[in-house]
Amino acid sequence: MELSKNFQHSEAEQKWYQHWMDKGYFYSTPDERPAYTIVMPPPNVTGILHMGHALNNTVQDVLIRCAKMQGFNTCWVPGTDHASIATEAKVVAMLREKGIDKNKLSREEFLSYAWEWKEKYGGIILSQLKKLGCSLDWNRTHFTMDKEYYAAVMRVFVELYNKGLIYRGVKMINWDPKAKTALSDEEVMHKQTNSKLYYVRYKIDADAEEYITIATVRPETILGDTAICVHPEDPRYAHLRGQYCFVPLINRRIPIIFDDYIDLEFGTGALKVTPAHDINDYNLGLKYKLPVIDTLNDDGTLSEAAGMYVGEDRFAVRKKIIEDLKTSGNYVKEEDYSNQVGFSERTDAVIEPRLSMQWWCNMAELSKPALEAVMTEQVEFFPPKFKNLFRHWMENIKDWCISRQLWWGQRIPAWYDAEGNMYVGETEEQAYQKYSAANPNAQAGELRQDDDCLDTWFSSWLWPMQVFGWNENPDNKELAYYYPTNTLVTAPEIIFFWVARMIMAGENFLGKKPFDKVYFTGIVRDKQGRKMSKSLGNSPDLLDLIEVHGADAVRFSVMIASPAGNDLLYDETMLEQGRNFCNKMWNAMKLVKMWEARVSTEVSTADTFAIDWMQARIKQVELSIEDLLKNFRLSEALKNIYSLIWDDFCSWYLEWVKPAPEEALSAMVYNKTIDIYESLLQLLHPFLPFVTEEIYHLLRQQSDDLMNRQLTAFDTPNNDLLQQGIKLQELITTVRDARVKNNLKPKDVIKLAVDTQQTAFYTAAKNIIARQINAEKISFTNEAVQGSISLVLGVDKLYISSNVAIDTTAQKEQLQKDLDYQKSFLMSVEKKLSNEKFVTNAKPEIIDTERKKQSDTLAKIKTIEESLSLL
RNA sequence: GGAAGCAUAGCUCAGCUGGUUCAGAGCAUCUGCCUUACAAGCAGAGGGUCCGCGGUUCGAACCCGUGUGCUUCCA
């Protein structure tokens, strides 16, 4: 078969993914093996694959494929989130483009458009994950608005309501005027913003012409002011106790109140109090029983209650009112000011704090078992630094605003009768039963359901339970087998939104944590360190990258530089490194295949140094990888395998066993080489599944697939062999360096004479050495060889003879440099050993190594000095 | 305003329990090679005040304090 010059990724990816699917390798059903389960963080149903997903899902796939090799029954559950606010925003935008106004549609009409949209565009991301090679159990694909899932959400709502943990109430909430919905605190992003601080004076209600000046960044809220507040110990305002003043423009008479909440340093030390539009003002309002005047409509325009500018947007009013305050003589001055402004996570609209009737979930009780699970490491965080963050949040947790003024989502299961009495039930029938029990004359159709729907996270917190059918039967076999899941892989950004709440849901509704471990990936940033985001447009198109460089190269690039919890600075050179790596392995395979025709059973098989060494190296790396994976140090693990394959296998091993041109190759060496290559491919497979599977099958006829191959138990490597390998490499490098420095061309043949105690080592490696340094002869000697290049390797002396004239000055310099280094090294060691405190305090094994260093260095110095004296 | 993290080669980062045969990798750079697997490659080389200052210790890139700079989270 003709093999292409380079690895052709497109075909291989297509072919193997289909093959794995056909073989059913991704599918899992409970059996006698231990389970290894991951539930995928469900992406938004409208989402498309971006860098964050690529990182997150590659990590999960690596974990799953590793576990599979170790004999676990692996199950990775895919799915999508209905993402209520994000999806609704998209559907509204789509309708607008079609010239349809959401407000003119009925709820049912809108929802049918939304479902249509979901069927058409939803789940694109899942098919994109296939391109990345994700070994997901597609039979288990879930959606957070599936019928069964919906029912589970209803059940949880009703249970919590019946326990009194869900309630309805008027409180200050974060209002998104663009999406026209309430948001939870977690959905508000605070950004540092350049604003103006306006100073405005309010006329005191007194005979004298006296004013009190306040500072505000939101002058448009003046119309909702119901008090001015100053610090009780502020001498500037002490005389105003019991006084009133007038709100500018509308001349409402409001009291001046005194509270030590006020920061004396800020502005003028006087605060305007607008209970309807600021949480702190609201609390002051409660304390002093101030009236609440809501001056905003739900779209961010001013309401009738404002009395002025009615129907105009709040930001337009901000400009206008300043002009009007100037005219009225209330404007004093303005200053540049930098403050934190809240923005909607989804729509990027400026959040308006607002009083509103919403549904709330009391978190105090729910959070307790979750906090404990994390603090006692029943749920273990990687990296552990997130534990503190988690605790801090959980200990200061506030009630969760769970209602949203949206249509796309689970509708709140509360019904009202004509008098406004409320009936909560999982279904309308249940609610009606309660209603009719209280009202014997009840008629069907008299109840009206709450218009709001639930926060998306109120459904996704059930994800690890409900994908295994918790609601239908909490004692079912699947839930018992797969739950708690093993590892959750997610971004630290959603630790509160999602991770914390899943733990709460698991602990409270099922009595079991949802996962053992949480691996937090970093944030993917571009070269300039900016977070990759759609709005910045700095996220590369992943499907393009996969198409051009291959899925394996993409996986390599995101894995090689992403330790847990550390941000990933994405750089396309890593993509090239990954592609080159695939290519390197492809060519190594070609090389081995070329030998196939030259295999002979006649050739002696005595020379096994290279094989023995390579096998020891593999064992060594296997052990370190096992350890690294346990600690989720995936990038380190990949680096180790990369170097094992590229450096040890390709650069050393293959060159060591490579037959000379035209020469035959021992069948034993050939077969061992393929064995070795196979075990390397297996180690790498979880990271780069496609190229490894492809090469695995091209190496020789296989009865199985690499993906399904099981790892054998690791054992400890022979340390002597490893040391000899290092020595051999050093020998080769030293001689090659000398060749370069003495202008010997690669084709110039040399003779090597060695003065050593370790003749066995040189004899074992003789053939390898000869080939690697292009020596026609290797011999042992006890004395210096005249006219040769003299080198020192440890305590061995090497003499290189050739036909080319030797310039001894370069050698002298080199040896002298080495001698100087060794001498100063010796000095530092001896200084230490002569330090009495060191000898008495240091651990014995440390002292022993120092002694060994001393004697080794002394021997080296002697060797170098002898060589130097001969030049 | 509160909290956490980071600072090591030109760049991106490793460096676990303190121990000079550990200051390391990849990329980039320089030199020489179109050597019959691979120029997307091979061989070799150079490059660092481990952010500054103080402390603990026989010994500090590593522990403690402090200063500076950056990042993130929360209010």
Side-chain angles (χ1 to χ4, degrees), chain A residues 3 5-7 185-186 188-190 263 266 279-280 340 342 383 385-390 392-393 396 492-493 495-496 522-523 525 527 529 531 549 553 560-563 565-574 576-595 627-628 631 633 635-636 639-640 642-643 646-647 650-651 654-655 658 660-662 726 730 732-734 736-741 743-747 772-774 794 821-822 824-825 828-829 831-843 845-847 849-850 852-853 856-857 860:
Chain A
L3 290 169
K5 187 170 159 57
N6 292 327
F7 172 57
D185 292 341
E186 290 72 39
V188 179
M189 322 263 292
H190 295 273
D263 176 1
F266 185 81
I279 180 66
N280 299 307
Q340 293 280 358
K385 67 177 177 187
F386 289 109
K387 249 173 86 170
N388 281 336
L389 183 68
F390 184 84
H392 186 256
W393 188 74
N396 295 287
E493 302 161 291
I495 184 167
F496 306 128
I523 295 164
R525 300 175 178 281
K527 260 195 215 169
K531 185 174 163 181
H549 297 97
I560 196 70
S562 61
N566 275 16
D567 289 356
L568 165 66
L569 252 85
Y570 196 77
D571 187 337
E572 294 214 3
T573 59
M574 293 175 191
E576 284 169 27
Q577 199 186 343
R579 181 202 56 186
N580 294 352
F581 185 36
C582 292
N583 198 36
K584 184 75 183 175
M585 287 187 290
W586 179 260
N587 279 291
M589 180 270 294
K590 272 170 65 179
L591 175 66
V592 174
K593 292 297 284 180
M594 270 177 202
W595 295 343
D627 195 55
L628 291 168
N631 295 298
R633 297 176 60 186
S635 61
E636 279 296 301
K639 277 178 196 167
N640 279 345
Y642 174 83
S643 166
W646 196 305
D647 302 329
C650 293
S651 297
L654 287 178
E655 296 299 334
K658 189 189 242 176
E662 315 288 310
I726 291 168
E730 276 172 0
I732 293 166
T733 304
T734 303
R736 280 175 175 169
D737 185 30
R739 292 185 63 117
V740 169
K741 292 211 165 87
N743 295 318
L744 287 167
K745 295 262 177 304
K747 281 176 184 159
Q772 291 272 277
I773 63 175
N774 195 15
Y821 172 80
Q822 298 293 347
S824 70
F825 180 68
S828 75
V829 173
K831 190 176 156 199
K832 195 179 276 188
L833 282 168
S834 63
N835 181 342
E836 205 176 307
K837 283 181 175 170
F838 171 73
V839 182
T840 46
N841 290 327
K843 281 178 272 179
E845 57 267 31
I846 298 292
I847 297 170
T849 45
E850 291 303 316
K852 178 138 194 328
K853 281 179 202 167
D856 286 357
T857 312
K860 274 185 204 170

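Chain letters run A, B, ... following the sequence lines, proteins first, then strands; residues in each count from 1.
Using C1' as the reference atom, B/rU72 and B/rU56 are 31 Å apart when rounded to the nearest Å. The separation of B/rC13 from B/rG48, taken at their C1' atoms, amounts to 14 Å, rounded to a whole angstrom. Between B/rC58 and B/rC53, the two P atoms lie 23 Å apart (nearest whole Å). Using P as the reference atom, B/rG18 and B/rC64 are 11 Å apart when rounded to the nearest Å. Taking the C1' atom of each, B/rG44 and B/rA61 are spaced 29 Å apart, rounded to whole Å. Atom name C1', nucleotides B/rA39 and B/rC33: the rounded distance is 10 Å, in whole Å. Rounded to the nearest Å, the gap between the P atom of B/rC11 and that of B/rU29 is 15 Å. A gap of 27 Å separates the P atoms of B/rA9 and B/rA4, to the nearest Å.
At the heavy-atom level, A/Asp856 lies under 4.0 Å from base atoms of the strands shown. Backbone-only contact: A/Gln577 has heavy atoms under 4.0 Å from sugar-phosphate atoms and none from a base. Contact annotation for A/Lys852: no contact, since no heavy-atom pair falls under 4.0 Å across all strands. Within 4.0 Å (heavy atoms only), A/Ile846 reaches at least one base atom of the nucleic acid.
Summarising the geometry, the separation between CD on A/Glu576 and P on B/rC38 is reported as 20 Å, rounded to the nearest angstrom. In this entry the distance linking CG of A/Asn631 with P of B/rG15 reads 11 Å, nearest Å. One can place CG of A/Asp627 at 12 Å from P of B/rU17, the figure rounded to the nearest angstrom. Across the protein-nucleic acid pair, A/Ile279 atom CD1 and B/rC74 atom P stand 17 Å apart, rounded to whole Å. Rounded to an integer number of Å, the gap from OH of A/Tyr642 to C1' of B/rU12 is 14 Å. Rounded to whole angstrom, the span from the CD1 atom of A/Ile560 across to the C1' atom of B/rG26 amounts to 8 Å. Separating the CZ atom of A/Arg739 from the C1' atom of B/rU35 is a distance of 11 Å, rounded to the nearest angstrom. One interatomic measurement links the two molecules: NE2 of A/His392 to P of B/rC74, which rounds to 11 Å at whole-angstrom precision.
Sequence order on RNA chain B of the closest nucleotides to A/Trp393 and A/Lys837 puts A/Lys837 first from the 5' end. Taking for each of A/Val839 and A/Gln822 the nucleotide of RNA chain B with the nearest heavy atom, the 5'-most of the two is the partner of A/Gln822.
Nearest heavy-atom pair across A/Ser635 and A/Ile560 is CB-O, 3.4 Å. Across all their heavy atoms, A/Glu850 and A/Val829 have their closest contact at O-CG1, 3.4 Å. Nearest approach of A/Val839 to A/Ile847, heavy atoms of both residues: O-CD1, 3.2 Å.
Rounding to the nearest 0.5 Å gives a distance of 11.0 Å between CG of A/Asn587 and CE of A/Met585.
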For Watson-Crick and G-U wobble pairs within 3.5 Å on both distances, what is RNA chain B written in dot-bracket notation, | included for inter-strand pairing? (((((((..((((.....[....)))).(((((.......))))).....(((((..]....)))))))))))).
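Remark: A/Lys658 is in phosphate contact with B/rA37, judged by side-chain N or O atoms under 4.0 Å from OP1 or OP2.
Nearest to the side-chain atoms of A/Glu636 among the listed nucleotides B/rC73, B/rC27, B/rA14 stands B/rA14. The nucleotide whose nearest atom lies closest to any side-chain atom of A/Glu655 is, among B/rC58, B/rU12, B/rC38, B/rC38. Here the side chain of A/Arg633 is nearest to one of B/rC73, B/rG15, B/rA37, namely B/rG15.
The main-chain N or O of A/Arg579 is never found under 3.5 Å from a side-chain atom of A/Asn583 such that the two would form a donor-acceptor pair. Formation of a donor-acceptor pair under 3.5 Å by the A/Asp737 side chain with backbone atoms of A/Thr733 is not found in this model. Judged purely by atom type and a 3.5 angstrom limit, A/Ser643 has no side-chain atom pairing as donor or acceptor with the backbone of A/Lys639. A donor-acceptor contact shorter than 3.5 Å links the side chain of A/Thr840 to the backbone of A/Lys837.
Ring geometry, A/Phe581 versus A/Trp646: the interplanar angle falls under 30°, so the pair is classed parallel (tilted spans 30 to 60°).
The shortest distance between side-chain heavy atoms of A/Asn631 and A/Glu636 does not fall below 4.5 Å. Residues A/Asn640 and A/Leu628 form a side-chain contact, since some pair of their non-hydrogen atoms from C-beta on lies under 4.5 Å apart.
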Any chance you could list the contact pattern along nucleotides 39-47 of chain B? Use B for base contacts, S for sugar-phosphate-only contacts and - for none, protein heavy atoms under 4.0 Å, 5' to 3'. SBSSSSS--
